[in-house]
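To start, the structure under review is shown below, and the notes come after it.
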Amino acid sequence: MDRLKSSARLMIVSDLDHTMVDHHDPENTSILRFNALWEAHYRHDSLLVFSTGRSPTLYKQLRKEKPMITPDIAIMSVGTEITYGKSMEPDDGWVQFLNQKWDKDVVIEETSKFPELSRQAETEQRPHKVSFYVKKEKAEQVTEALNKVLKGRGLDVKIIYSGGIDLDILPQGAGKGQALAYLLKKFEAEGKRPVNTLVCGDSGNDAELFSIPEVHGVMVSNAQEELLQWYAANAKNNPKILHASERCAAGIIQAIGHFKLGTNISPRDVSDLTKDIENAHPAHEVVNFNLLLEKWRRAEVENTELFLAGLKAVSHPTGVFIHPSGTESHIKDHLNILRKVYGDSQGKPLKIWVDDVSASQIGSDTWLLKFDKWELYGEERQGCVVTAVMSTKESNWFTWLHVHQTFLEQSAKQEWLF
Ligand code: GLC
Ligand code: MG
């Protein structure tokens, strides 16, 4: 991970299902709040790690279903697969390490003798993870018996029960906690151990995350019984672990505030964004600007004239906007078009979010920005890559000088506005 030149200010290591992602929230309110907070205030100097039980196949599927931003590191298949960046470059060193005292064929052979176990989908069977479903009342007894049998066959395995249904068999050195410990050791060796680390989870396979020394941890309000039981037995007196009163990503945001790890005010929680233009960082302006567009198109703006004046104030007099279709216009003229589309998404569930915002200073008062921008209409989404130039030359705040958009592959189904 060489995106950051020095230690991350905050590293968040979060589980996905029922932690970062709330499957009972069709509006995606809390994850969108988290996304805006992360891109505006943390992306530039912090690290986001997703740690999921899902295989790469199901992880990619979830990314299509939910408005998720791109993590710096993805740990998948219960800490048995680690990849870096957008391109998901695998960590081969980790794979080598997991081969110790592991033989998948023996695990398959022995588990087939247990009628209580039913095998999960093929996508979820991975080189260092064999997964089943087993009923709650059988879980303990099966785990014990399996441990004994596999030990007898010379293997050193770890058996984890999650969500009151899933049973995973992994090499002893694997798991979400071990994968995190491995990453921390790597950062340490580079002299870049994060200043703070916050782990976030809801179920059994997340328990290990909370036993890594020195990390802060949040169990979201909706955490499973098996995690709460683990906590009661092993970590009750650890002041660095919080059982949040809020669900999923809202619980993560709550924990950032509780442990004082940095700001936890998401731009989505700011009632008047037009008054919030004197920002400390251009990424913050990117997030605010796109949120304002969302509000406009949802007809959620109280004083429309003041609002347009606010948008004008952040666009440079000669600023140019290049639409994904290739059409070029002045940003100011383009803002006039906005008048016509006020509330065009009223009643429709339009959400706009930005992902992977990067900003580099290319002059004393000039910044080059790059990010992905997504629009979600219920189930349908479209996105584009945006490169932009911002300046603080003629004002105290960031103004848009140049915006160039290109559709992302999966896109271009609906009309794209701005
Ligand atoms: C995810 C995986 C599954 C695993 C479970 C618990 O749901 O898809 O294979 O058993 O997480 O770790
Ligand atoms: Mg979970």
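Remember, it's 1-based here, ligands and their atoms both numbered in the order they're listed. Computed over heavy atoms, backbone and side chain alike; hydrogens, waters and symmetry mates excluded.
- Ring-centre distance between His281 and Trp367: below the 6.0 Å cut-off.
- Ring planes of His41 and His284: perpendicular class, angle over 60° (limits at 30 and 60°).
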Exercise answer: donor-acceptor pairs, residues 148-170 side-chain atoms, under 3.5 Å, sequence neighbours excluded:
residue	atom	partner	partner atom	Å
Arg153	NH1	Glu109	OE2	3.1
Arg153	NH1	Glu110	OE2	2.7
Asp156	OD1	Gln172	NE2	3.4
Lys158	NZ	Gln172	O	3.4
Lys158	NZ	Ala174	O	2.6
Lys158	NZ	Glu208	OE2	2.4
Tyr161	OH	Val134	O	2.8
Tyr161	OH	Lys136	N	3.3
Tyr161	OH	Gly164	O	2.9
Tyr161	OH	Ile165	N	3.3
Ser162	OG	Asn205	N	2.9
Asp166	OD1	Gln120	NE2	3.1
Asp168	OD1	Ser131	OG	2.6

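- Applying side-chain contact (heavy atoms from CB on, under 4.5 Å) to Trp296 and the options Leu291, Leu311, Asp344, Leu308 leaves one that passes, Leu308.
- The neighbour count for Gln361 CD, taken as heavy atoms of other residues, nucleotides or ligands under 6.0 Å away, is above 12.
- At a cut-off of 2.8 Å, measuring from the Mg ion (ligand 2), the protein N, O or S atoms that fall short of it are Asp15 OD2, Asp17 O, Asp202 OD1, waters left aside.
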Report every pair formed by an N or O atom of ligand 1 and a protein N or O atom separated by less than 3.5 Å, giving atom names and the distance to 0.1 Å.
residue	atom	partner	partner atom	Å
ligand 1	8 (O)	Glu124	OE1	2.6
ligand 1	9 (O)	Gln120	OE1	2.5
ligand 1	9 (O)	Lys129	NZ	2.7
ligand 1	10 (O)	Gln120	NE2	2.9
ligand 1	10 (O)	Asp168	OD1	2.6
ligand 1	10 (O)	Asp168	OD2	3.4
ligand 1	12 (O)	Asp168	OD2	2.6
ligand 1	12 (O)	Asn205	ND2	2.7

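- Rounding to the nearest 0.5 Å places CG of Asp45 at 11.0 Å from OG of Ser7.
- Legend: ring-ring contact (aromatic ring centres under 6.0 Å, His included) pairs involving residues 49-80, not counting sequence neighbours: none detected.
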Checking salt bridge (charged side-chain N to carboxylate O under 4.0 Å, His left out) for the pair Asp91/Lys186: CA distance, chi angles, key distance, verdict? CA-CA 11 Å; Asp91 188 321; Lys186 256 184 129 161; 2.9 Å; yes

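- Aromatic rings from Trp400 and Phe321 are positioned such that their centres are separated by 6.0 Å or more.
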